[in-house]
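For reference, the structure discussed in these notes is given below.
These figures come from a predicted structure and were not determined experimentally. The chains referred to below are lettered A, B, ... by the order of the sequence lines, with proteins before strands, and numbering in each begins at 1. Worth knowing before you read on, the calculation uses all heavy atoms, side chains too, and leaves out hydrogens, waters and symmetry mates.
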Amino acid sequence: MTEYTSTLLRLLEERGYIHQLTDAEGLDKLANESVVPGYIGFDATAPSLHVGSLVQIMMLRRLQQAGHKPVVLMGGGTTRIGDPTGRDESRKMLSDQTIEDNIASIRTVFSRLLTFGDGPTDAVMVNNHDWLGKLGYIELLQEVGTHFTVNRMLTFDSVKLRLEREQPMTFLEFNYMILQGYDFRHLCKTAAVRLQMGGSDQWGNIINGIELTRRKDGVEVFGLTTPLLTTADGKKMGKSAAGAVWLNEDALPAYDFWQYWRNTDDRDVGKFLRLFTDLPLDEIARLESLEGSEINAAKVVLANEVTKLVRGEDAAKTAEATASTTFAGGGLGQDLPTLDIAEADISIVDALIGLGFAASRGEAKRLVAGGGARVDGSAVTDEAYRIVLEGKEIRVSSGKKKHGILRSA
RNA sequence: GGACAGGUGGCCGAGUGGUUAAAGGCAGCAGACUGUAAAUCUGCCCGCGCAAGCGUACGCUAGUUCGAAUCUAGCCCUGUCCA
């Protein structure tokens, strides 16, 4: 398995990115001979990607590190269709303006992790709406319609599962795989792209593009998928207490982002370090071999490194400082959520809501009744309790991990 | 267009006239134990209210009834089969 000779495949293999590969030998050879432009497609359904997409983004980074050219494909066109893969329900339609805005917002993350420019190995970003949007229906049918059989399309998991579960699949969505295949061929022709990467659920879509390119142009292109990333307890990555773990700063504060990684399951530490940081492998091996509570040190390193890559050095430093004063010192870190109070005092319930720890008064009261609310570290069980500020900063906590600051305005 | 089946809380899924803010499970939150981990156990889990209680909620609308998620009619949506 690990007999690769190219820098690219060795790098991807040893850091755990490879799940399936269409033609290992062929790609290995190609990567040794020339710069390989490779792309990954991203949906523009939200203004930010979340950690579920981070593997893919990191893979583009590895591609560049290995001396190749990353192509970021924004699905401005395909997002209008909606990828049915792994979904039981049709995606709601987004307006053109929303999609454009989302793409602009998502772009900021890539600029941190990839080097963009005009050079041979500089990253570029393209939008498939630029070509899919212009495509005529008859033209599309002629171009690709002859190369796809419905028989085969029905066997793809994305379609088959939906049918088996008796969930509706619209004709619109049914066309998604065709358009994605079209993308691959288009990029191969116009940008010499030879490789498409993606999550393991994208295997079928990727294969379509490969076959289409081979049949239309006789060019061999390659596909590579990453393993489906789950946390050790079997959950999909990317969800946390507050919801999705967004990559964009304005969608999730750096401190929360840092905390997400800090709370990694013991068993995932090594895997995540390899995938999501640039640390050398021997260093990672040392960190992941830490036993018992010592592994917490490795989690701090993980949180620092990932935050540094995605949010920048300053964000990582501040988040770590906040965490260490808050948890170890019992003090107040500057990165905690803060609530400015104009009055002399505030009820515990309002404070919890104001800090975002409870969505309603009832929820806040339940939290208090359950013994989960703390003021300056000591539990408050009286829901009528009022916090008196007296000009000081006061720490209010929900449980052991969520802390916030009250401050006199 | 026709026949049949179905649309319940974030998700899955019971429930066929009052005892149903709606069983059970999952997810989530909190407590205990720990290491800001996992596993386990316990509590909570629509909103407002200190409370009694009130308001909303079982696709939509209009009815029947003292009383409806449960019955009736129309409509919308989905699936399967037929045209």
Original post:
Atom CD of A:E383 to atom P of B:A51: distance rounded to whole Å?
Top reply: 6 Å
**OP:** Please figure out whether A:G371 or A:Q259 has its closest RNA chain B nucleotide nearer the 5' end.
**Re:** A:G371
**OP:** Give the nucleotide from the list B:A30, B:A37, B:U34 with an atom nearest to the side chain of A:K401.
**Re:** B:A37
Original post:
A:Y255 OH to B:U36 P: how many Å, rounded?
Top reply: 12 Å
**OP:** Counting heavy atoms from C-beta on, name the nucleotide in B:C50, B:U36, B:A30 closest to the side chain of A:L367.
**Re:** B:A30
Original post:
Rounded to whole angstrom units, what separation is found between the CZ atom of A:R395 and the C1' atom of B:U36?
Top reply: 12 Å
Original post:
Using the benzene-type ring in the case of Trp, are the ring centres of A:F276 and A:W261 under 6.0 Å apart?
Top reply: yes
Subject >> Selection from B:G49, B:C29, B:A37 that lies nearest to any side-chain heavy atom of A:R361 >> reply: B:G49
Subject >> Whole-Å gap separating C1' (B:G35) and NZ (A:K299) >> reply: 7 Å
Original post:
So which heavy atom on A:E143 is nearest to which on A:T146, and how close?
Top reply: O-OG1, 4.2 Å
Original post:
Which is true for A:R366 with a 4.0 Å heavy-atom rule: it touches a base, it touches only sugar-phosphate, or it touches nothing?
Top reply: sugar-phosphate
**OP:** Heavy atoms only: give me the nearest A:V221-A:T22 pair and the separation to one decimal.
**Re:** O-OG1, 4.5 Å
Original post:
Taking for each residue the nucleotide of RNA chain B bearing the nearest heavy atom, is the 5' side occupied by A:R262 or by A:E363?
Top reply: A:R262
**OP:** Return yes if a side-chain donor-acceptor contact under 3.5 Å exists between A:W258 and A:N304, otherwise no.
**Re:** yes
Original post:
A:D265 side chain: which of B:G49, B:A38, B:U36 is closest?
Top reply: B:A38
Subject >> Candidate nucleotides B:A32, B:U36, B:G35, ranked by approach to the side chain of A:F327 - the nearest >> reply: B:U36
Original post:
What integer distance in Å separates A:E173:CD from B:U78:P?
Top reply: 12 Å
**OP:** Kindly give the heavy-atom pair with the smallest separation between A:H403 and A:T326, and that separation in Å.
**Re:** CD2-CG2, 3.3 Å
**OP:** Nearest whole angstrom, please: distance from the P of B:U36 to the CG of A:D268.
**Re:** 18 Å
Subject >> A:K402 side-chain proximity, nearest of B:A38, B:C50, B:A30 >> reply: B:A30
Original post:
Expressed in angstrom and rounded to an integer, what is the separation of A:N263 atom CG from B:C29 atom P?
Top reply: 11 Å
Original post:
Nearest of B:A38, B:U34, B:G35 to any side-chain atom of A:K400?
Top reply: B:U34
